[in-house]
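Notes for the one structure printed next.
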Amino acid sequence: MTWRSIGGWTASAQTGANLALDLAVLRTRGSNATYANEGGWPVVLNVGQSMVLNMRLQFLVLCMAGR
């Protein structure tokens, strides 16, 4: 599942499968935040396109405490 914003950021739970699409809709100086890689797809980063976009790729670690 991927969520997109008009404000220039994307957030993804399936980074390997969706990174190309995220880069296609990301605006210059946009950010991509990811917290999972469901399905085990390899994450392949297009370095040239990322540099042209001047994008930020951010990895998040989510922890859940016991209830």
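Everything quoted here is computed from the prediction, not taken from an experiment.
- The distance from the OG1 atom of Thr15 to the CZ atom of Phe59 is 6.5 Å, given to the nearest 0.5 Å.
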All N/O donor-acceptor pairs, side-chain side in residues 44-57, below 3.5 Å, sequence neighbours left out:
unit_1, atom_1, unit_2, atom_2, d
Asn46, OD1, Gly48, N, 3.3
Asn46, OD1, Gln49, N, 3.0
Ser50, OG, Asn46, O, 2.8
Arg56, NE, Ser31, OG, 3.2
Arg56, NH2, Ser31, OG, 3.3

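- Atom CG in Leu23 sits 7.0 Å away from atom CG in Asn32 (nearest 0.5 Å).
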